[in-house]
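Below, each value reflects all heavy atoms present in this structure, side chains not excepted, and no hydrogens, waters or symmetry copies.
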Amino acid sequence: MTRNGEEATHAPRPEVTELRPAAGAPGRAAPDPQQLPRDRSQAILEAAKQIGALLKKKGHPFALAGSVAVYAHGGSRHLQHDADFAVLPEDADAVAATLREAGLPVRNPPEDWLVKTTCRGQDVDVIFQLAHQPVTKDMLARAQVLPVDSVLMPVLSPTDLIHSLISAFSEHYCDFGSVLPVARAVREKVDWDEVRATCGDEPMPAAFLFLLERLNVIEPREGQS
């Protein structure tokens, strides 16, 4: 047994005969810093731009959703998770085939309302059901064509975007804190009467709408003091 590291201290050290890169294949050049995204948010935006351009080129009806859609509508650029795209349920297989043709991996998760891919190292969800309701042609028709970091693509309308987020609240998932900044960012663009009419009778969405009223993010329902 080594005592106080004495034997390890006096053991001969191997001679270094060559230098190798710390990671990767020997001799592989380090990535060009000019080609790397500035941060995680930029990486997600780059992935969204590439997928959006691909879907546009192939003529698939779609709309950008999730946090990148919020950014396109003027919300925060601080993106944390992934890029989301809404497509029609009947187009899901064709969209998956397009992704595979482009050399992107396609995964079928246990959830039966989306497929997943990876682009530029970032997760991308291709969703054909939002808040337990199928994506519809009317929903995609309401999408607005907006620049997403210089690439034009259809983006879910603010009303549909908020509806999809609020409708997802339940006893098992009720993260008001993540949706509150979104509501603040797009509140002037949302038809709140439509949101109330479509999901405001459910307990968790109703509680969130009440919170928005108490915080003066939105006006109370007409006739309600």
Should Arg221 and Glu213 count as an ion pair when the cut-off is N to O under 4.0 Å?
no

For Asp125, the salt bridge (Lys or Arg N to Asp or Glu O under 4.0 Å) test, sequence neighbours excluded, returns Lys116

Considering all heavy atoms, the nearest Asn216-Arg187 contact
O-NH1, 3.6 Å

If Ile, Leu, Val, Met, Phe, Trp and Tyr residues are connected whenever their side-chain heavy atoms lie under 4.5 Å apart, and connections chain through other members, are Val179 and Val195 in the same group?
yes

Interatomic distance, Ile51 atom CD1 to Leu104 atom CG [nearest 0.5 angstrom]:
5.0 Å

Can you find a pair of side-chain heavy atoms, one from Lys58 and one from Glu101, that are under 4.5 Å apart?
yes

Kindly compute the distance separating OG1 (Thr117) from CG (Leu54), expressed to the nearest 0.5 Å.
9.5 Å

For Ala131, is there any backbone N or O sitting under 3.5 Å from a side-chain donor or acceptor partner on Ser164?
no

Are Leu99 and Leu64 co-members of a hydrophobic cluster defined by side-chain heavy atoms under 4.5 Å apart?
yes

Check this for me: does any side-chain nitrogen of one of Glu219 and Arg214 sit under 4.0 Å from a carboxylate oxygen of the other?
no

Quick check on the hydrophobic clustering: are Val70 and Phe169 connected, directly or via other members, by side-chain heavy-atom contacts under 4.5 Å?
yes

Indicate yes or no: at least one non-hydrogen side-chain atom of Pro154 is less than 4.5 angstrom from one of Leu140.
no

Taking all heavy atoms of Pro89 and all of Pro134, pick out the closest pair and write down the distance.
CG-CB, 4.0 Å

Starting from the C-alpha separation in whole Å, work towards a yes-or-no answer on side-chain contact (heavy atoms from CB on, under 4.5 Å) for Leu45 and Tyr71.
CA-CA 10 Å; Leu45 285 174; Tyr71 165 74; 3.7 Å; yes

Counting C-beta onward and ignoring hydrogens, is there a side-chain heavy-atom pair between Ile166 and Arg196 closer than 4.5 Å?
no

Drop me the distance from Leu209's CG to Glu202's CD, to the nearest 0.5 angstrom.
11.5 Å

Closest heavy-atom pair, Val155 versus Ala69, reported as atoms and distance to 0.1 Å, is CG1-CB, 3.5 Å

Given side chains that start at C-beta, do those of Leu180 and Arg184 come closer than 4.5 Å, heavy atoms only?
yes

State, with a plain yes or no, whether a side-chain heavy atom of Lys137 is found less than 4.5 Å away from one of Glu90.
yes

Taking salt bridge (Lys or Arg N to Asp or Glu O under 4.0 Å) as the test, write out the residues that go with Asp191, two or more places apart.
none

Taking all non-hydrogen atoms of both residues into account, name the closest pair between Ala48 and Met153 and its distance.
O-CE, 3.7 Å

For the hydrophobic clusters of this structure (ILVMFWY residues joined by side-chain heavy atoms under 4.5 Å, transitively), does one cluster hold both Val68 and Ile162?
no

Please report the closest heavy-atom contact between Tyr173 and Ser178, naming both atoms and the distance.
OH-OG, 3.9 Å

So how far is it from Phe62 CZ to Asp84 CG, rounded to the nearest 0.5 Å?
13.0 Å

When rounded to the nearest 0.5 Å, the distance separating OG of Ser67 from CD1 of Ile44 is 6.0 Å

So does Leu152 get a backbone contact from the side chain of Lys56, meaning a donor-acceptor N/O pair under 3.5 Å?
yes

Among all residues two or more places apart in sequence or in another chain, which pass the salt bridge (Lys or Arg N to Asp or Glu O under 4.0 Å) test with Arg142?
Asp160

Could you walk me through whether Phe176 and Leu211 pass the side-chain contact (heavy atoms from CB on, under 4.5 Å) check?
CA-CA 9 Å; Phe176 287 1; Leu211 175 65; 3.9 Å; yes

Would you say that more than 12 heavy atoms from the other residues, nucleotides or ligands in this model lie under 6.0 Å from the CG of Asp175, or not?
yes

Show your working on side-chain contact (heavy atoms from CB on, under 4.5 Å) between Leu212 and Trp192 and close with a plain yes or no.
CA-CA 11 Å; Leu212 294 183; Trp192 291 104; 3.8 Å; yes

Assess, by modelled atom type and distance only, whether the side chains of Thr98 and His60 contain a donor and an acceptor separated by less than 3.5 Å.
yes

Do His73 and Leu146 have side chains that approach each other closer than 4.5 Å (heavy atoms only, starting at C-beta)?
yes

Distance alone, cut at 3.5 Å: any donor-acceptor contact between the side chains of Gln129 and Gln133?
no

Contact check, side chains of Phe85 and Leu55, non-hydrogen atoms, under 4.5 Å
yes

Could you state the interatomic distance from CG (Asp123) to OG1 (Thr118), rounded to the nearest 0.5 Å?
5.0 Å

Close side-chain approach of Val87 and Val135, heavy atoms under 4.5 Å:
no

Indicate yes or no for a side-chain donor-acceptor contact from Asp39 to the backbone of Gln42 under 3.5 Å, with no hydrogens or angles considered.
yes

Candidate pair Glu46 and Gln122, rule side-chain contact (heavy atoms from CB on, under 4.5 Å), full reasoning:
CA-CA 9 Å; Glu46 294 296 331; Gln122 305 303 312; over 6 Å; no

What heavy-atom pair brings Cys174 and Met204 nearest, and what distance separates the two atoms?
SG-SD, 3.8 Å

Under 3.5 Å, is there a donor-acceptor pair between the side chain of Ser41 and the main chain of Arg77?
yes

Is there a path of hydrophobic side-chain contacts, each under 4.5 Å between heavy atoms, that joins Phe128 and Val95?
yes

